[in-house]
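Notes to accompany the following structure.
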Amino acid sequence: MIDCSHTPFMRALRGHAARPSPVWIMRQAGRYLPEYRELRAEAGDFLSLCFTPKFAVEATLQPIRRYQFDAAILFSDILVVNWALGQSLRFAQGEGPLLSPVSDAKSFETLNADALETKLEPVYEAVRSLKQELGAQTPLIGFAGAPWTLATYAIAGRGTPDQAPAKSLLKRDPDLFLALLDLLERSVARHLAAQIEAGVDAVKVFDSWASAAPSDAFERICLESFARIRAELAAKYPDTPVIAFPRGVGKDGYAAYDAHSGADCLALDQSVDLVWAAQNLTQTTALQGALDPALLLGDAASLERAMDATREAVGDRPHVLNLGHGVTPDVPPEMVAHLVNYWRGGEK
Ligand code: CP3
């Protein structure tokens, strides 16, 4: 086993501050990198990138080679779980993901989790190769979508701005909605466990649409569901830290995750005031993120000011520098280099 427990990133997730704090960024492998665009053209389409281990390995390593981030995140997608359950999935240029929608009992019946790990084996194979390639200095993050976020795509069959189709199914047929959520929860827990078995050092659960959950259902469909997945992983893999990303849930939502989710690290979106978070969330819980991705499209001085403010806000807490959401395709790669260098003190 390749042991990364001494690295600043793993230590931060376990509640120990390192200075400068470790840094990685969401969607660090992606279209803003010319070498990624080349690889994607070679693979032909996005899903071939995800399901061909040598391509997934290469995409994961590209940003590590360029920026020496303190952690690598497996190149994959949250929607591979929907695909493994039997939904058709394709990524149309400029349209985002398109799936066969699960909107009634008949389409729900077609889903089946029996072969989940077999279908996702190329993902686990990529993890095993990556652990060899990355060695002991760069930990590997595995991930999955949270059940609610996966349900929003499963039900609508695509991304929507307000998740109206999922909310309307919850109202119209709560039993069917909860059966789907439960199937997704069990599948996500299995997918994360299989990634841990294959060697990932930490896992992150992306609840990118947590803010769209109806407020009277938020605890049931976001927080409790995450807490059950976390508890199940803790029982089997007590040494693997879990990062929660309940995007857009605001102060009350983050405070509730802090108190009840069991997460080792809370990933904050850019609407969260880091000063508030640092003062109010449990001192040993690592805080990650909150930096506005739009800063990478502005001038270097504004980015530097935001990083100075971050340094001041987090004080001596365990912290991981990251954005509040993914880096966008229009970001100049030099700005990402500047972020890393300035944060580490190499370039003033
Ligand atoms: O570098 C990394 O962060 C690792 C890889 C990763 C991807 N998607 C690659 C990807 C991760 C962790 C994800 C998570 C993901 N996927 C989320 C949660 C995080 C978030 O952004 O809120 C969500 C909601 C998805 C679903 C998804 N995948 C959408 C909505 C889209 C289309 C939008 C877009 O950016 O094009 C994708 C495609 C996708 N996933 C791309 C990448 C690099 C772009 C695909 C391409 O090359 O065209």
Side-chain angles (χ1 to χ4, degrees), residues 23-52 55-67 69 71-83 87 89-99 123 126-127 130 138 140-154 156-161 163 166 184 188 191-192 195 200 202-212 243-249 267-271 288-289 293 322-331 336:
V23 48
W24 69 280
I25 63 175
M26 275 192 263
R27 290 278 172 102
Q28 60 193 23
R31 285 163 296 185
Y32 75 107
L33 289 179
E35 58 269 35
Y36 171 83
R37 296 195 295 270
E38 236 172 74
L39 188 70
R40 192 177 185 289
E42 190 190 336
D45 64 86
F46 174 69
L47 281 181
S48 308
L49 267 187
C50 294
F51 287 130
T52 310
F55 289 142
V57 167
E58 174 60 20
T60 306
L61 295 175
Q62 284 176 344
I64 304 303
R65 285 191 203 111
R66 211 186 239 265
Y67 305 112
F69 284 118
I73 181 159
L74 170 69
F75 190 84
S76 185
D77 198 80
I78 61 168
L79 297 174
V80 297
V81 166
N82 301 58
W83 174 83
Q87 289 192 273
L89 172 63
R90 65 193 177 89
F91 285 81
Q93 205 76 41
E95 275 190 84
L98 295 172
L99 306 97
V123 177
V127 168
L130 277 165
T138 312
L140 179 63
I141 306 166
F143 69 91
W148 157 251
T149 286
L150 295 186
T152 65
Y153 288 100
R158 59 191 311 135
T160 64
Q163 314 317 325
L184 289 167
V188 163
H191 184 41
L192 291 171
Q195 291 175 64
V200 299
V203 293
K204 177 166 176 181
V205 179
F206 289 90
D207 210 349
S208 302
W209 293 109
S211 60
I243 306 168
F245 182 40
R247 185 166 77 98
V249 296
L268 310 172
D269 64 83
Q270 63 267 28
S271 72
Q288 172 182 282
N322 204 320
L323 304 174
H325 203 198
V327 54
T328 50
D330 47 356
V331 161
V336 176

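Whatever order the structure lists ligands and atoms in, that order sets their numbers, starting from 1.
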I need the atoms of ligand 1 closer than 4.0 Å to a non-hydrogen atom of Ala29, numbered in the order shown. 1 (O), 43 (C)

Where do Phe245 and Met26 land on the side chain to side chain contact (heavy atoms under 4.5 Å, CB included) test, with the steps shown first? CA-CA 11 Å; Phe245 182 40; Met26 275 192 263; 3.8 Å; yes

Output the list of atoms in ligand 1 that are nearer than 4.0 Å to some heavy atom of Leu74, sorted by atom number. 4 (C), 5 (C)

Passes side chain to side chain contact (heavy atoms under 4.5 Å, CB included), Tyr32 versus Val336? Steps please. CA-CA 10 Å; Tyr32 75 107; Val336 176; 3.7 Å; yes

Geometric N/O contact Ser208 with ligand 1, under 3.5 angstrom: yes

In sequence, state the C-alpha distance, the side-chain angles, and the governing distance for Phe143 and Ile73, and then conclude on side chain to side chain contact (heavy atoms under 4.5 Å, CB included). CA-CA 8 Å; Phe143 69 91; Ile73 181 159; 3.9 Å; yes

Proximal atoms of ligand 1 relative to Ile73 (non-hydrogen, under 4.0 Å): 1 (O), 2 (C), 3 (O), 4 (C), 12 (C)

Report the nearest protein non-hydrogen atom to atom 29 (C) of ligand 1: residue, atom name, distance rounded to 0.1 Å. Pro97 CD, 3.8 Å

Which residue supplies the protein heavy atom nearest to atom 13 (C) of ligand 1, what is that atom called, and how far is it? Arg27 NE, 3.7 Å

Need the ligand 1 atom indices (1-based, order shown) with element for anything under 4.0 Å from a heavy-atom of Tyr36. 43 (C), 45 (C), 46 (C), 47 (O)

Quick test: of every protein heavy atom, which one is nearest to atom 23 (C) of ligand 1, and how far off is it to 0.1 Å? Ile78 CD1, 3.4 Å

Name the option, out of Arg37, Gln93, Arg31, that contains the heavy atom nearest to atom 44 (C) of ligand 1. Arg31

Would Tyr67 and Trp24 count as having a side-chain donor-acceptor pair, cut-off 3.5 Å? no

Quick one: do Leu184 and Trp148 satisfy side chain to side chain contact (heavy atoms under 4.5 Å, CB included)? Show the steps, please. CA-CA 8 Å; Leu184 289 167; Trp148 157 251; over 6 Å; no

Do the rings of Tyr36 and Phe75 sit parallel, tilted or perpendicular, given the 30° and 60° boundaries? tilted

Tell me whether Thr149 contacts the main-chain N or O of Ser208 through its side chain, where contact means a donor paired with an acceptor under 3.5 Å. yes

Does a side-chain heavy-atom distance below 4.5 Å link Leu150 with Val81? yes

With atom 38 (C) of ligand 1 as the reference point, say which of Phe206, Phe91, Trp209, Tyr153 has the nearest heavy atom. Phe91

For ligand 1, does His325 get within less than 4.0 Å through its side chain, its backbone, both, or neither, judged by non-hydrogen atoms? side chain

Of all protein heavy atoms, the one nearest atom 9 (C) of ligand 1 is Ser76 O, 3.4 Å

Are the side chains of Thr60 and Leu140 in touch, meaning some heavy atoms are under 4.5 Å apart? yes

Report the nearest protein non-hydrogen atom to atom 12 (C) of ligand 1: residue, atom name, distance rounded to 0.1 Å. Phe143 CZ, 3.4 Å

Quick one: does ligand 1 sit under 4.0 Å from the side chain of Pro63, the backbone, both or neither, non-hydrogen atoms only? neither

I'd like to know if Glu58 pairs up with Arg65 as an ion pair, taking the criterion as any Lys NZ or Arg NE/NH1/NH2 lying under 4.0 Å from an Asp or Glu carboxylate oxygen. yes

Out of all atoms in ligand 1, which are within 4.0 Å of some heavy atom of Arg40? Include the element for each. 46 (C), 47 (O), 48 (O)

Where is the nearest protein heavy atom to atom 40 (N) of ligand 1: which residue, which atom, and how far? Asp77 OD1, 2.9 Å

The closest protein heavy-atom partner of atom 45 (C) of ligand 1 is Phe46 CD1, 3.5 Å

Does some side-chain heavy atom of Arg158 sit less than 4.5 Å from a side-chain heavy atom of Leu99? no

Gly159 to ligand 1, any heavy atom closer than 4.0 Å: no

